[in-house]
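We count ligands from 1, going down the list as the structure has it; atoms in each ligand are counted the same way.
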Amino acid sequence: MFRPPCEASSLIVQVTLGCPHNRCVFCGMYKMKKYRVRDPEEVKADLRRARLIYRHVESIFLADGNTIAMNSEKLADIISYARDLFPEAERVSSYGGARFLKGKPVEALRRVREAGLDIIYFGLESGDDEILGRMDKGVDSEGMIEAARRVKEAGIDLSVYILLGLGGEDLWRQHAENTARVLNAMQPQFIRPRTLALLPGIPLYEEAREGRFREASGETIMRELQVMLSSLEIADAWFLTDHISNYVPVYGHLPEDQATMLATVEMALGDPGEYLAPRHLTHL
Ligand code: SF4
């Protein structure tokens with residue numbers, strides 16, 4: 001079971017299992033699960049049981065990895081049911097990937113929004129088409145931008161994950177520049193960098209062991225973050241490195257905190273021995 005760190009105190013409801021894509025070579029989250037949508041009646045029974053247990057539920061997260069891919073009417077029905085049972089919940093959220101979102105009519109997403117979905121956590125990872133193709137993300141940068149447009153048009157907040165280090169030592173600059181380009185086109189409400197963690201069992205780990213992928217150093221990752229941050233032209237978004245995989249904490253609101261956040265990155269670059277923790281300490 002995975003959930004965003006900011007959903008740590010949420011009621012987590014298992015609406016689907018696994019990820020219907022499950023091919024990204026840097027991701028090992030659901031490799032042991034076969035994707036399936038749970039029977040909505042079972043999910044509603046879980047919700048009723050949770051209501052008996054918890055007096056106050058502050059927010060609800062709909063697991064697993066790509067719940068938004070399921071039929072929108074069925075999802076809206078589950079969300080409405082949850083909202084009726086937990087009127088005190090301030091937020092309902094789920095993960096949602098571009099491969100599935102870009103094919104959804106805005107009307108279907110609006111229906112889910114009206115039922116009570118507030119935010120989608122969306123894995124952009126990179127805005128660079130060469131990297132997206134290599135990582136088998138299943139969608140290119142144009143598809144990413146189109147999916148984000150639909151989410152925002154439906155009135156759902158967009159929280160975008162980017163994966164530092166995904167270009168390795170060889171493609172870091174194009175990763176940084178093109179990710180900033182796509183984020184500028186998307187104008188999400190949240191940007192959340194994570195750093196690539198190569199762990200056994202992940203296909204990219206094997207590629208690195210065989211010398212077909214050169215893992216980026218901490219210094220390269222900080223340069224990537226520097227180029228990315230300085231290229232962002234975002235009107236109104238939170239930038240949050242709220243994950244243990246990251247080297248340094250960089251938090252702020254764009255655009256007014258951009259210079260302060262850049263200064264933090266530059267401070268780390270100025271003294272890598274002090275600020276860039278050994279890689280194994282930033283792995284989960
Ligand atoms: S779409 Fe997301 S959850 Fe699914 S394999 Fe790719 S990174 Fe993992």
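- At least one side-chain heavy atom of Phe26 sits less than 4.5 Å from a side-chain heavy atom of Lys137.
- Remark: Glu215 does not engage Arg209 in a salt bridge, criterion side-chain N to carboxylate O under 4.0 Å.
- A salt bridge is absent between Arg91 and Asp118; no separation between the charged side-chain nitrogens and carboxylate oxygens falls under 4.0 Å.
- Only protein atoms were considered; those of element N, O or S under 2.8 Å from atom 6 (Fe) of ligand 1 number 1.
- Counting heavy atoms under 4.0 Å from ligand 1, residue Tyr95 does not touch it at all.
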Derivation of the salt bridge (charged side-chain N to carboxylate O under 4.0 Å, His left out) call for Arg150 and Glu146: CA-CA 6 Å; Arg150 289 177 189 225; Glu146 176 57 24; 2.7 Å; yes
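- Per-residue contacts place Tyr30 under 4.0 angstrom from the following atoms of ligand 1 (heavy atoms of the residue considered): 3 (S).
- Residues Gln258 and Leu232 have side chains in contact (heavy-atom distance under 4.5 Å, counting atoms from C-beta outward).
- You'll find the ring centres of Tyr95 and Phe61 inside the 6.0 Å limit.
- Ion pairing between Glu114 and Arg111 fails under the 4.0 Å rule for side-chain N and carboxylate O.
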